[in-house]
Amino acid sequence: MLTTERLRDYCGTVTNTEIWNGFELRPDDVIVTTPPKCGTTWMLNIVMMLIYQRVVPDAGNSKDAPWLDCGFRDRKEIAEFLNSLDRRRCIKSHTPMDGIAYGREPTYIVVYRHPVDAHFSLRTHAGNMKEDWLDYMFPESESEGFQRFVNAPATDAGTDDLTLASFVHHYQQAKERKDNGNVHFFHYADMSRDLSGQVEKLARIMKVPLPQSLRDEITEATSFKQMRKAVESSERRFHKDTPFHDLADFFSSGTSNKWEGRISPEEMETYSRRIRSLLPAEEVTWLENGYQF
């Protein structure tokens, strides 16, 4: 049994972390924990294809790579399923790392994105949801919603706050553990610019074989075009159990600079002042642009 620590609980609209109490990690587990709309499913697809050592369309789905602390699903059932697996496991979460089980042996993957891009992607995401759980965070006025994102504090809801403060807190918790050597940082912009290189990086981290032919196949299969195509042809697309009107719209575009033409330069400057009050300038630069800017 691995030694792990967990410092607190988070409970929000779509997250409940109590399930981590007593959940036993394995040394070869891969935990993908990201703020929402930062490339979670994208990364899950790549991880699962590396585990399977072949292309599997829609491999990052909720069955192959379950969201353990999902607040609107049966978390005990998910934990039992994960415990029954005799293959390497990939576990999804959006929770900051002080709220999940952290041990020195498993592999933790964190992915970040320009926070303003994540905010506007979330706005589209909320509009595609069958339930109105997130609507109060995204009023009709985009300006009003953006001001909430910039100024609202972080709470015990964790990344369910969908605010800049909660986004930064998630990043800070991962960074605190980076020097331990098993928390690995990826950026949405780097995945967009050099997906093949990021697949290679992930394979090295996971210590799995990656012949060039498999690298090229995974890179092609995890392009946004192909990931959307896989869901469009899946029975999950309009399934009654999916929380979305159209699951294919989960892969809406994969583009950046989503704020252009939607908020004013003054509002963007308000955001810039706020994030620079929360993080050092060099960390802001990475969080907004990635390694290869």
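Along the sequence shown, residues carry numbers from 1.
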Novice: When you measure from the side chain of R6 to the backbone N and O of G99, does any donor-acceptor pair fall under 3.5 Å?
Specialist: yes

Novice: Which one of L287, T159, L162 satisfies the side chain to side chain contact (heavy atoms under 4.5 Å, CB included) criterion with F167?
Specialist: L287

Novice: Look up atom CZ in F146 and atom CD in E267, then write down how far apart they are to the nearest 0.5 Å.
Specialist: 6.5 Å

Novice: Quick one: do L7 and Y171 end up in the same hydrophobic cluster if we chain Ile, Leu, Val, Met, Phe, Trp and Tyr together by side-chain heavy atoms under 4.5 Å apart?
Specialist: no

Novice: So does E77 have more than 12 non-hydrogen atoms from other groups sitting under 6.0 Å from CD?
Specialist: no

Novice: Report yes if the side chains of K92 and T34 come closer than 4.5 Å at any heavy-atom pair, otherwise no.
Specialist: no

Novice: Going by heavy atoms in the side chains, are C11 and D156 under 4.5 Å from each other?
Specialist: no

Novice: Answer yes or no: are there more than 12 heavy-atom neighbours, outside E282 itself, under 6.0 Å from its atom CD?
Specialist: yes

Novice: Applying side-chain contact (heavy atoms from CB on, under 4.5 Å), can you list everything that pairs with E176, at least two apart in sequence or on another chain?
Specialist: Q173

Novice: Has R274 got its NZ or CZ under 6.0 Å from the middle of the six-membered ring of Y271, at an angle within 45 degrees of the ring axis?
Specialist: no

Novice: What distance separates S196 OG from D216 CG, expressed to the nearest 0.5 Å?
Specialist: 6.0 Å

Novice: Tell me, please, which residues at least two apart from N16 pass side chain to side chain donor-acceptor pair (under 3.5 Å).
Specialist: none

Novice: Among all residues two or more places apart in sequence or in another chain, which pass the side-chain contact (heavy atoms from CB on, under 4.5 Å) test with S141?
Specialist: S143, E144

Novice: Here's a test for you: under side-chain hydrogen bond (donor to acceptor under 3.5 Å, both in side chains), which of D69, T17, T15 qualifies with T95?
Specialist: D69

Novice: Show every side-chain hydrogen bond (donor to acceptor under 3.5 Å, both in side chains) that has at least one partner inside residues 201-210, sequence neighbours left out.
Specialist: none

Novice: So do S93 and L68 actually touch side chain to side chain, heavy atoms under 4.5 Å?
Specialist: no

Novice: Please, which pairs that meet salt bridge (charged side-chain N to carboxylate O under 4.0 Å, His left out) have at least one residue in residues 17-28, sequence neighbours excluded?
Specialist: none

Novice: Measure the spacing between CD1 of I19 and CG of D9 and express it to the nearest 0.5 Å.
Specialist: 11.0 Å

Novice: Mark yes or no for whether E200, through its side chain, and R215, through its backbone, hold a donor-acceptor pair below 3.5 Å.
Specialist: no

Novice: Decide yes or no for M191 and W42: does some side-chain heavy atom of the first lie under 4.5 Å from some side-chain heavy atom of the second?
Specialist: yes

Novice: Ignoring hydrogens and angles, state whether a donor on the side chain of H170 or Y112 is under 3.5 Å from an acceptor on the partner side chain.
Specialist: yes

Novice: Donor-acceptor pair, distance only, cut-off 3.5 Å: does the side chain of S121 make one with the backbone of D117?
Specialist: no

Novice: Main chain of E266, side chain of T270: is a donor-acceptor contact present, judged purely on distance under 3.5 Å?
Specialist: yes

Novice: So, do R89 and N83 sit near enough that their side-chain heavy atoms are less than 4.5 Å apart?
Specialist: yes

Novice: Between R104 and N182, does any side-chain donor sit less than 3.5 Å from a side-chain acceptor?
Specialist: no

Novice: Tell me yes or no: between the side chains of N61 and D64, is some donor less than 3.5 Å from an acceptor?
Specialist: yes

Novice: Using atom types as modelled and distance alone, determine if a side-chain donor or acceptor of R113 lies under 3.5 Å from a backbone N or O of K37.
Specialist: yes

Novice: Is a donor on one side and an acceptor on the other found under 3.5 Å between the side chain of R75 and the backbone of G71?
Specialist: yes

Novice: With side chain to side chain contact (heavy atoms under 4.5 Å, CB included) as the test, would you mind laying out the steps for T107 and I205 before giving the verdict?
Specialist: CA-CA 8 Å; T107 299; I205 289 167; 3.7 Å; yes

Novice: Going by the side chain to side chain contact (heavy atoms under 4.5 Å, CB included) test, name the single residue among V30, D29, T33 that passes it with I91.
Specialist: D29

Novice: Check whether any side-chain N or O of D161 sits under 3.5 Å from a backbone N or O of T163 as a donor-acceptor pair, and report yes or no.
Specialist: no

Novice: So L82 and F23, do their side chains get closer than 4.5 Å, heavy atoms only?
Specialist: yes

Novice: Would D98 and Y10 count as having a side-chain donor-acceptor pair, cut-off 3.5 Å?
Specialist: yes

Novice: How would you list all residue pairs meeting ring pair (Phe, Tyr, Trp, His ring centres under 6.0 Å) that involve residues 73-97, not counting sequence neighbours?
Specialist: W67-H94

Novice: Between N45 (side chain) and T222 (backbone), is there a donor-acceptor pair under 3.5 Å?
Specialist: no

Novice: Output the distance between atom CD1 (I46) and atom OG1 (T219), rounded to the nearest 0.5 Å.
Specialist: 7.5 Å

Novice: What verdict does the side chain to side chain contact (heavy atoms under 4.5 Å, CB included) test give for Q198 and H187, after you've listed the backbone C-alpha separation in whole Å, the side-chain angles of each residue and the deciding distance to 0.1 Å?
Specialist: CA-CA 9 Å; Q198 300 304 296; H187 198 283; over 6 Å; no

Novice: About how many Å separate CD1 of I109 and CG of L44, when rounded to the nearest 0.5 Å?
Specialist: 10.5 Å

Novice: Answer yes or no: is there a donor N or O on one side and an acceptor on the other, between the side chain of Y108 and the main chain of K178, under 3.5 Å?
Specialist: no

Novice: Are R54 and M49 packed together at the side-chain level, in the sense that at least one heavy-atom pair is separated by less than 4.5 angstrom?
Specialist: no

Novice: For L278 and L164, run side chain to side chain contact (heavy atoms under 4.5 Å, CB included): C-alpha distance rounded to whole Å, both residues' side-chain angles, the deciding distance at 0.1 Å, then the answer.
Specialist: CA-CA 9 Å; L278 299 172; L164 181 59; 4.3 Å; yes

Novice: Under the criterion side chain to side chain contact (heavy atoms under 4.5 Å, CB included), I'd like the reasoning laid out for Y102 against L25: C-alpha separation, chi angles, the key distance, then a yes or no.
Specialist: CA-CA 9 Å; Y102 175 74; L25 292 179; over 6 Å; no

Novice: Flag the pair V111 / F185 as yes when at least one side-chain heavy-atom distance between them is below 4.5 Å, and no otherwise.
Specialist: no

Novice: Could you state the interatomic distance from CG (D190) to CG (N289), rounded to the nearest 0.5 Å?
Specialist: 9.5 Å

